Amino acid sequence: MKRHLVYRLLTIVFLMLAVLLSEPLFAQRPSAPKLLPYNTVAYIRIADLQETKDKLNQTSLGKITNNEQVQSITSQLFDEILLAYPQIEETVGVPLDELLELPQGEVAVALCSTDTGTLMFFVLVDIGNNIAVAEKVLEKFDEGHLGRGGTVETETVGETDVTVYGSATEDDLELFIKEDTVVITTNRLLTEHVVTTWEGTALAEQRTLSQNRKFTAIMRQSVGTDDARPQISWFFDPITLVTATTQGNFQAQAVLAFLPTLGLDGFQALGGSAILAPDGFDSISHFHIAMATPRRGILDLLTFGSGEGTPESWVPDDVTSYTTLYWNIDEAYDNLQVLVDTIVGEGGFDLRVAEPFKEAMNADLREDIIDSLGGRFTLATWVEPPARLNSGAMLAAIQMTDTIAVSKLLEQVTESAEIIVEASHNNTSYYRVNVPGPGGAPGQEGQEPPTTPFGQLRNPTPSFGIVGDYLLVSDSEKFFQHAIDTHVRGDNLLADSDDFKLVALNIRDQLKDSEPAMISFSQPQENFRLLFDLVDSDDTRNFLSDNAEQGAFLGILDRVMNDNDLPDLDELTGHLTPSGAVMIDTETGIHLISFTLKANEE
């Protein structure tokens, strides 16, 4: 008797373990990649919308939007919009807040192609227990469709009832609800593929996106750790899309046939993911460009080098962003010469590129230009005071191996240009381009900058010159001079910034054993302050007040601004943290990892 009882208990335990450890085949439907066809050419998916919202609330953006004063502003803005546009609820059949709560789990949108080049759209929305709300929305949609002269019919595909919205002027729309999930397609072939795959009756040769090697290769590169899986993923295959949709177009097919000559047939696809609020980070995102190996043609110009990425001596610590890239440009130049000669014939590069350049510039392209470049390229941005709509200034830099030769070339190029004048700052010579203002003649200075409803714009003051062993080019003379001062003084360097050092440390952790081809750093506080100042400026408030009666939305903004105090700027910027990015040149393509650090919790 006891032995029989033990057997029964063991049987129950084994059955429970089998249920717990096995995949819930009946309770869990296939995810979108396992439903979509193999030839899906564009795709974006939120794995779980509710989880994504929860994770978003843990990020700096979520904390800013959850600020009490910010919520007061957004709540009033939302309520005012609903009052101003009551037709929204009349159109969808339910209040807007209920509509926004309709999606509960997985959400996916995709574009697929048939073998004959017909594009098919796909939408999947997990609505959970919101079936009643969904039915109200569909009833309203049915009424509107019938009122526009369309037809609404129910057909059966496999074991699933499918509603078909017919139209004399547009493609049919097909919709079904299965296991608390709404699926919409624009083609019966796609509907049949999804349903048969879902129900397990698909033919053996009926492959899915999850079996597409381009897709899986990119997704493998874009996953997080076991504890931090992506909330959002995306995929795009432009070559397959263009190939499928241009069948019968002779000109397009001729262009596609030329791609192997250019080496562009080696470009496969691109995609990536976003991971919100993983341990130690605000967010992490991946971006991957998949390319065949070896690279040929145009892709062979992507001859990236590598370096440690320490900011140069002229980069101040108050830049809003900084990016530096290593590129073996001499190798790329040789590959470009081979490519051009392959296309137009032997000697074509010299005839069409090198010789015309020498005649125009009185300089040898390879010896005087390419050989003078050091292989490092940098871009930095900065907010030029005071706050204006275009206060963001840019500075680009190219490392030089022979600054004397480049200086002579600059003198030669600028001596005959009337609008370019030589200037000096902190014992450093450079060139300024006097851009004419409205109605001004070339070379005139002191032009009145143009005015917008949000105040005056910044007049561009392009400047360029040699600083250290770099050629610097900026659209702001103030930024250029700021870079000179930083280089001369040797203090307040970005390289010495604690924020940059912290980001650089995390970049090294992301790299593991790889070498970076590019690194990037940004600190968003100044851009946020600029936006805040513009919103709170007298020009903006006066514009809204003067035009409140010209449009409903402007009137809403005017009332919201007058009824609410703006949040404390320091409190909001306290949630903003530095971010970084690193690009790696891999065998399978180019991979970019970007991240934002997690703010310290007080």
Side-chain angles (χ1 to χ4, degrees), residues 36-44 110-121 207-209 211-222 233-272 286-305 325 327-354 356 365 370 517-518 583-592:
L36 286 163
Y38 182 89
N39 53 344
T40 298
V41 294
Y43 151 99
I44 183 169
L111 178 65
C112 314
S113 174
T114 66
D115 293 335
T116 58
T118 300
L119 292 181
M120 306 177 292
F121 289 93
R207 296 183 295 170
T208 65
L209 177 61
Q211 298 168 299
N212 184 318
R213 294 180 62 184
K214 297 179 184 179
F215 174 79
T216 56
I218 290 176
M219 291 301 110
R220 277 197 302 269
Q221 295 280 351
S222 304
S233 57
W234 62 279
F235 171 76
F236 182 44
D237 184 354
I239 300 297
T240 300
L241 173 63
V242 174
T243 302
T245 56
T246 57
Q247 296 183 34
N249 185 322
F250 176 77
Q251 292 180 330
Q253 290 298 311
V255 172
L256 290 173
F258 193 61
L259 293 184
T261 303
L262 298 176
L264 289 176
D265 59 326
F267 172 76
Q268 297 181 334
L270 58 155
H286 294 264
F287 175 73
H288 191 80
I289 303 176
M291 292 181 286
T293 303
R295 298 174 194 172
R296 300 180 297 103
I298 290 178
L299 299 184
D300 209 17
L301 303 181
L302 303 177
T303 54
F304 295 117
L325 169 73
W327 183 27
N328 296 326
I329 193 169
D330 53 345
E331 183 181 344
Y333 180 88
D334 293 337
N335 293 343
L336 177 62
Q337 185 171 1
V338 171
L339 175 62
V340 174
D341 287 351
T342 300
I343 297 172
V344 302
E346 189 70 26
F349 181 83
D350 290 337
L351 181 63
R352 298 169 183 265
V353 180
L365 180 57
I370 301 300
M518 180 274 288
M583 187 181 79
I584 309 166
D585 191 8
T586 71
E587 289 186 1
T588 61
I590 297 170
H591 192 73
L592 180 70

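Source: prediction; values computed, not measured. If you read the sequence from its start, that first residue is 1, and numbering goes on from there. Keep in mind that the numbers below use all heavy atoms, side chains included, and drop hydrogens, waters and symmetry copies.
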- Query: Should T40 and T208 count as side-chain neighbours, where that means a heavy-atom distance under 4.5 Å?
  - Reply: no
- Message: Is it the case that atom CH2 in W327 sees more than 12 heavy atoms from other parts of the structure closer than 6.0 Å?
- Response: no
- Name all residues meeting the side-chain contact (heavy atoms from CB on, under 4.5 Å) criterion together with V344; count only those two or more places apart in sequence or in a different chain, and write none if there are none. V340, R352
- Query: Which heavy-atom pair separates D237 from K214 by the least distance, and what is that distance?
  - Reply: OD2-NZ, 3.3 Å
- Less than 4.5 Å apart, any side-chain heavy atom of M583 and any of L325? yes
- After noting the C-alpha distance and the side-chain angles of L339 and D300, does the key distance pass the side-chain contact (heavy atoms from CB on, under 4.5 Å) rule? CA-CA 9 Å; L339 175 62; D300 209 17; over 6 Å; no
- Message: I need the minimum non-hydrogen distance between F304 and A517, along with the two atoms involved.
- Response: CB-CB, 3.7 Å
- Could you walk me through whether I298 and F267 pass the side-chain contact (heavy atoms from CB on, under 4.5 Å) test, one step at a time? CA-CA 10 Å; I298 290 178; F267 172 76; over 6 Å; no
- Task: Taking S222 for its side chain and H286 for its backbone only, find out whether a donor-acceptor pair lies under 3.5 Å.
- Result: no
- Which of T586, I584, I590 passes side chain to side chain contact (heavy atoms under 4.5 Å, CB included) with H288? Answer is T586
- Message: Rounded at 0.5 Å granularity, tell me how far CG in N335 sits from OG1 in T303.
- Response: 6.5 Å
- Item | Contact list for residues 253-267, test salt bridge (Lys or Arg N to Asp or Glu O under 4.0 Å), sequence neighbours left out | D265-R296
- What pairs with D341 under side-chain contact (heavy atoms from CB on, under 4.5 Å), at least two apart in sequence or on another chain? Q337, E346, F349
- Distance, nearest 0.5 Å, that separates CG of L336 from CG of L301: 5.5 Å
- Task: Measure the spacing between CG of L302 and CD of E331 and express it to the nearest 0.5 Å.
- Result: 11.0 Å
- One should read off an interatomic distance between F258 CZ and I343 CD1, to the nearest 0.5 angstrom, of 4.5 Å
- Item | Candidates F215, F287, Y43 - the one meeting ring-ring contact (aromatic ring centres under 6.0 Å, His included) with F235 | F215
- Query: Any idea which heavy atoms bring L241 and L119 closest together, and the distance?
  - Reply: CD1-CD2, 3.6 Å
- Message: Atom OH of residue position Y333 - does it have more than 12 heavy atoms of other residues, nucleotides or ligands inside 6.0 Å?
- Response: yes
- Task: Report yes if some heavy atom in the side chain of T114 is under 4.5 Å from a heavy atom in the side chain of P37; otherwise report no.
- Result: no
- Query: Between Q268 and T588, does a side-chain contact (heavy atoms from CB on, under 4.5 Å) hold up when you go through it step by step?
  - Reply: CA-CA 10 Å; Q268 297 181 334; T588 61; over 6 Å; no
- With rounding to the nearest 0.5 Å, note down the distance linking OG1 in T245 to CG in L111. 9.0 Å
